[in-house]
Asker: 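I'd like to ask some things about the structure below.
Letters go in sequence order (proteins before strands), and every chain restarts at 1. None of the values given here were measured: they were computed from a predicted structure.
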Protein chains: 2
Amino acid sequence: MTDLAQLNYAQKERLAFIDFSLQFIGQLARADLVNHFKTGLASCSRDLTLYNELAPANMTLRHETKRYYRTAKFRPLFEHNPEAILGSLCRGFGDGLSNGIHPSAHCVDTTKLIHPNTEVIATLMRAIHNRMAVSCDYISLTSGETSRVIVPHAIANNGQRWHVRAFDMKSKEFRDFVCTRLQNLAEIADPINSSQSGEHDTAWNNILTVELVVHPSVSHPKAIELDFGMDDGFLHLEVREALLGYLMRQWNVDCSAEASLTGGEYHLWLSNAKDLPNLTSMAIAPGYGF
Amino acid sequence: MTDLAQLNYAQKERLAFIDFSLQFIGQLARADLVNHFKTGLASCSRDLTLYNELAPANMTLRHETKRYYRTAKFRPLFEHNPEAILGSLCRGFGDGLSNGIHPSAHCVDTTKLIHPNTEVIATLMRAIHNRMAVSCDYISLTSGETSRVIVPHAIANNGQRWHVRAFDMKSKEFRDFVCTRLQNLAEIADPINSSQSGEHDTAWNNILTVELVVHPSVSHPKAIELDFGMDDGFLHLEVREALLGYLMRQWNVDCSAEASLTGGEYHLWLSNAKDLPNLTSMAIAPGYGF
DNA sequence: TTAGATGCTATCATTTTGATTTGATCATTT
DNA sequence: AAATGATCAAATCAAAATGATAGCATCTAA
């Protein structure tokens, strides 16, 4: 009896591709496998036979079209993560390799307007992993261009932009820097001071629990409960203090004490706002501290 | 002479993993490869030797640490797409297979609060590919729960939620439905009416060209130009009419005729707003039509 | 009715992989 | 200073996976 766990990486990948295609496209032909994996025809037949052994009820061959079709009894052989799936549908299946990409015309992700530079991300990530500082020029919205030395310890997406969280030698505190506004990065070989490492970034390491509820102004709260998968009307989140403001802004969470913001975009209310300490990260949160 | 193009899929994947690790982590040990691909030790040595043949200047072994390190002369062997990279760093390398996931603690994507149901996405995608209608219950924010029959033709992310674009039999027009608010989906075997197919969705098929410029209120426009990769101060986009409003809202684009919105969140201005026809999709766009 | 496309299976040569052994380097311990 | 242990490389051989090919089945479309 063959078993999924015994198979090697390449075989599992091909079976996952079959599973994915059946589940999300509903059909599959041998040529699709050949196209994607640049494999031989005989292998495809073998893979399809193997898949059929592992999940006999999942697909049937229709000779009229010479394709395999998902059956009504289909049970996925692999667990596909929803976010990863949608990414695969939009970008094409197959991470890491740029070949075999044929994105679906029927699945479009948001238009990405900001594309961090690969070299910048690479340099930052290496500096983070190797605990090194980098020198750079930074163009801030408030103060324009300045040269700095920063000690990065994490990269985070705030919903629109990728930021690097770093100790800033100039201001002597931990700050966020937008990755696309960094230029002329250079690694600095000298070992960093331990007080500049990520462990000392309190706003980053402090995990807050926030409670979100459907905004009282919403006339059909069930819709919002479905969106956010709320069982009992509450959504409890653990969020880094440094990222909380971004999160509230991204999701248009009304952070006023009494849910007093009006406007159709506020679907959620931060119901424990008064329990939270006064946070600088929340300066951008809608309605906070008014 | 070995050549990248000659290698099989599995080998290319392992080389891409080596390339990726060197570029974004800066180092790599044989054990990392074993861990990820569940491969034998001997294979790793072979893969590393092969990588070294293909890119001799990219890495060196340091016996002190028994790891390979990226050299200063590193030239990536594979093209890594920035969005895909950041995804890989956050979620772990290796699409399609859930094994070998060890996401970086130093790269955090936005907190996803909305998780579309895999079955719903699968059913919709199959209906789209097979040009079929589905019956469903939909809970709308304005009118609450209703039963409908829709003919989907695309799935799109509007920046916060995944929508399905579909012909709605009830209203007899093309509309957006939030995927998480769809329940009790059932495929309808009857063939669809051709007037209900995606080709007739004019707001979807109409591609508009929009011109974005840095908002005049920004004091250091260079920062914004860097964010959006503007060469000459302009950003020209081709956008589906049906998605334009979402895009303007997602990026906080001031859509007023004279860039009259105030507020630090408006980094961009839609400079050709007056050239655009009156669009229902733009109802949610900041400042539009005021 | 027949040609053509695409599917399956079987066979065999080739390639890739896994397991094992031997030897090297270097940090750590004795 | 020498022994120990961890991890690397390289070589070898057996096992497994893959590619190529050929013969046959099924169905569509001409």
Side-chain angles (χ1 to χ4, degrees), chain A residues 1-18 21-22 25-56 58-71 94 97 99-100, chain B residues 1-18 21-22 25-56 58-71 94 97 99-100:
Chain A
M1 181 54 196
T2 34
D3 180 24
L4 249 190
Q6 294 169 12
L7 303 174
N8 70 27
Y9 193 86
Q11 272 179 327
K12 267 193 278 191
E13 245 186 346
R14 293 195 302 270
L15 290 181
F17 180 84
I18 296 172
S21 298
L22 289 173
I25 302 180
Q27 49 180 266
L28 176 75
R30 222 169 32 155
D32 299 329
L33 271 170
V34 175
N35 252 317
H36 190 87
F37 292 103
K38 309 296 176 208
T39 181
L41 275 172
S43 289
C44 297
S45 288
R46 275 189 292 252
D47 291 331
L48 288 163
T49 305
L50 177 58
Y51 184 86
N52 208 48
E53 276 174 34
L54 292 167
N58 276 7
M59 64 178 183
T60 51
L61 172 63
R62 281 197 221 154
H63 277 292
E64 313 95 88
T65 55
K66 292 154 193 151
R67 300 178 72 80
Y68 285 93
Y69 287 83
R70 176 189 189 274
T71 65
L97 288 179
N99 83 340
Chain B
M1 181 56 196
T2 35
D3 180 25
L4 249 190
Q6 294 168 12
L7 303 174
N8 68 28
Y9 193 86
Q11 271 179 329
K12 267 193 279 191
E13 247 186 343
R14 292 195 302 269
L15 290 181
F17 180 84
I18 296 172
S21 298
L22 290 174
I25 302 179
Q27 49 180 265
L28 176 74
R30 222 168 33 155
D32 299 329
L33 271 171
V34 175
N35 251 318
H36 189 87
F37 292 103
K38 309 296 176 207
T39 180
L41 275 173
S43 290
C44 297
S45 287
R46 274 189 292 253
D47 291 332
L48 288 163
T49 305
L50 177 57
Y51 184 85
N52 208 48
E53 276 175 32
L54 292 166
N58 276 8
M59 64 179 185
T60 50
L61 173 64
R62 281 198 222 153
H63 278 291
E64 314 95 87
T65 56
K66 292 153 196 152
R67 301 178 70 81
Y68 284 93
Y69 288 83
R70 177 190 189 273
T71 65
L97 289 179
N99 82 340

Asker: First locate atom CG of A:L7, then atom CG of A:L50, and finally report the distance between them rounded to the nearest 0.5 Å.
Answerer: 5.5 Å
Asker: Nearest 0.5 Å please: distance from the OG1 atom of B:T39 over to the CZ atom of B:R30.
Answerer: 11.0 Å
Asker: Expressed in angstrom and rounded to an integer, what is the separation of B:D32 atom CG from D:dA6 atom C1'?
Answerer: 15 Å
Asker: Taking pairing as Watson-Crick or G-U wobble with both contacts under 3.5 Å, can you name the mate of D:dT26, or confirm there isn't one?
Answerer: C:dA5
Asker: Treating primed atoms plus P, OP1 and OP2 as sugar-phosphate and everything else as base, which nucleotides of nucleotides 11-20 of chain D get B, S or - for protein heavy atoms under 4.0 Å?
Answerer: ------SBBB
Asker: Between B:E64 and A:L28, which is nearer to the 5' end of DNA chain C once each is assigned its nearest nucleotide?
Answerer: A:L28
Asker: Nearest heavy-atom pair of B:L22 and B:N58: which atoms, and what distance?
Answerer: CD1-O, 4.4 Å
Asker: Please give me the minimum heavy-atom distance between A:N8 and A:Q11, naming the atom from each residue.
Answerer: OD1-N, 2.8 Å
Asker: Would you say D:dC8 has OP1 or OP2 under 4.0 Å from some side-chain N or O of B:R30?
Answerer: yes
Asker: Name the closest nucleotide to the A:T49 side chain, picking from C:dT9, C:dC26, C:dG7.
Answerer: C:dT9
Asker: Rounded to the Å, how far apart are B:K66 NZ and D:dT7 C1'?
Answerer: 5 Å
Asker: Would you mind telling me which residue lines up with the more 5' stretch of DNA chain D, B:L61 or A:H63, judged by nearest nucleotide?
Answerer: B:L61
Asker: Measure from CD on B:Q27 to C1' on D:dT7 and round the result to the nearest Å.
Answerer: 15 Å
Asker: For B:A29 and B:R67, work out which heavy atoms get closest and say how close.
Answerer: CB-NH1, 3.4 Å
Asker: What class does the angle between the rings of A:Y9 and B:H36 fall in, given that below 30° is parallel, 30 to 60° is tilted and above 60° is perpendicular?
Answerer: tilted
